Amino acid sequence: MFASEIYSARRNELRRRIGKGLILLPGNVESPFNYPNNTYHFRQDSTFLYFFGHNVPSLVGVIDVESGVDTLYGDDFTVDDIIWMGPQPTIRDFADEVGVAEAKPMAQLVVDIQRAIALGREVHYLPPYRGETKLMMSELLGIKPEMLHARKSIDLLFAVAEMREKKGAEELAALEEAFEIGYHMHTTAMRATRPGRSEHEVAGMVDGMALRYGTGVSFTTILSQHGEVLHNHDHSGTMQQGRLLLCDAGGEHLNGYVSDHTRTFPVGGKFTQKQKDVYNIVLKAHDDAAAALRPGMMYSEYSDVAFHTLIEGLKELDLVRGSVDDAIAAGAAYLFMPHGLGHGIGLDVHDCENIGERSFSFAELEERAKASACCITRAWWRLMPGTVLSNEPGIYFIPDLIDKYKAEGKCKGIVNYDKLEEYRDFGGIRLEDDLVVTETGSKQIGSKQIPITVEDVEATVGQE
Ligand code: GLY
Ligand code: MN
């Protein structure tokens, strides 16, 4: 946790931006795994963490905009809890640690919220994404669960995303620490990879590193020789000489900040020439995008740099023909890389995604999104100093997508479908690092580089 002044300053800034009413920020509750007392690993809501700091279940924060008083609601642990959990701080202690004036029992929350509603005060909230939170909010606000989304606060949504997107010095330091976990995870995967070993054994080692150096993974580890399946959580394969292994994994630090990296490497330790050719195109796209990134650049300009490099490289392999711009306009880039170049990173591995374009449509909010230019709508995202985002180009050979494009006559005369047949079982390559936009350009998060050049990767794979 950071110093209490940091949380007070954040809440004051949010108060200034919202101007009026109450801001209701529920933390997460424990979520049962298979029976009530056997719960999933607890993860706090990231917006609650940002403003109220505590990674503790069953707390709710309320910011009163007009009175300037913040309140932390929760119930003190009883002796019955302490028998199982050991001595615990009180809600008052939790409030003091983050500079919150009031600490109240949870039963008081509904009373205070309903009183505010009766007085005609607006209660700002973000769209809840967990069932338990939806039910609690529904009861508190007197809004049916299915209507909660429609009545979310647009002002709060933009204010939170704008604030969380621009990382302060203390957050950047935390992200550097999260990088170290990612470094251990990825170098472990490379060193442990060898023909005959099962994917799940290596995936287990990767996840173990996340727990050894941090609180665990920042998302479910993707590790597979079928790298063409973008989010492949199936680790049932046995590693085979000649195949590539894609590992996309990240760790979470104690303070909640995360890392997200991808490396793709040869199971037997040496790339074939064909693999090296495709790999170096992806690596050049990765390097070109990072080198081009400047403050004030639109996200679309940043990703176009990578798409241009990818298509230029694919032209050299005679997989694409004609002009780069024509190929991109015809959709060739999507055929080989059907995902975006990056996403915000911070307390979430896809930062603020619960309030972003990937959670609901911003079609009716286009003007607001343009004016805000923050991470929640990538079409209007302007990259400014303090923004942290991933840089993750890839080239994938996805047989079903190739067949679809070909059957529909897409990219005819642009994509060399005959030559592409030679790559049907190639798999996929993705390379990912995390960047922070600076005053003059960008900097890669991390004190060192997870091996990425062909030489460095080959020198690392299998070296247990
Ligand atoms: N690392 C997984 C993703 O970015 O979607
Ligand atoms: Mn990513």
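Model, not experiment: these values are computed from the prediction. Start at 1 with the first residue, then count along the sequence.
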- Task: Salt-bridge test for D403 and R424: reply yes if a basic N is under 4.0 Å from a carboxylate O, no otherwise.
- Result: yes

- Query: Do T377 side-chain atoms and E357 backbone N/O form a donor-acceptor pair below 3.5 Å?
  - Reply: no

- Taking 4.0 angstrom as the limit, do R15 and D70 come out as a salt bridge? yes

- Message: Measuring centre to centre across the rings, with the benzene-like ring taken for any Trp, is H261 within less than 6.0 Å of F179?
- Response: yes

- Message: Angle between ring planes, F158 versus F362, binned at 30° and 60°: parallel, tilted or perpendicular?
- Response: perpendicular

- Query: Going by an N to O cut-off under 4.0 Å, is there a salt bridge joining E458 and K270?
  - Reply: yes

- In terms of the angle between their ring planes, are F2 and Y257 parallel, tilted or perpendicular, with boundaries placed at 30° and 60°? tilted

- Message: Let's go through F307 and V324 carefully: what are the C-alpha distance in whole Å and the side-chain angles of both, what is the deciding distance for side-chain contact (heavy atoms from CB on, under 4.5 Å) to 0.1 Å, and is it a yes or a no?
- Response: CA-CA 9 Å; F307 286 131; V324 172; over 6 Å; no

- Item | Lys/Arg cation over aromatic F360: K152, 6.0 Å, 45° cone | yes

- Query: Listed by chain and number, what are the side-chain contact (heavy atoms from CB on, under 4.5 Å) partners of P385, not counting sequence neighbours?
  - Reply: P295, E439

- Does R11 count as lying over the ring of F52, i.e. NZ or CZ under 6.0 Å from the six-ring centre, within 45 degrees of the axis? yes

- Which word best sums up how the rings of Y396 and H339 line up, parallel for under 30°, tilted for 30 to 60°, or perpendicular for over 60°? perpendicular

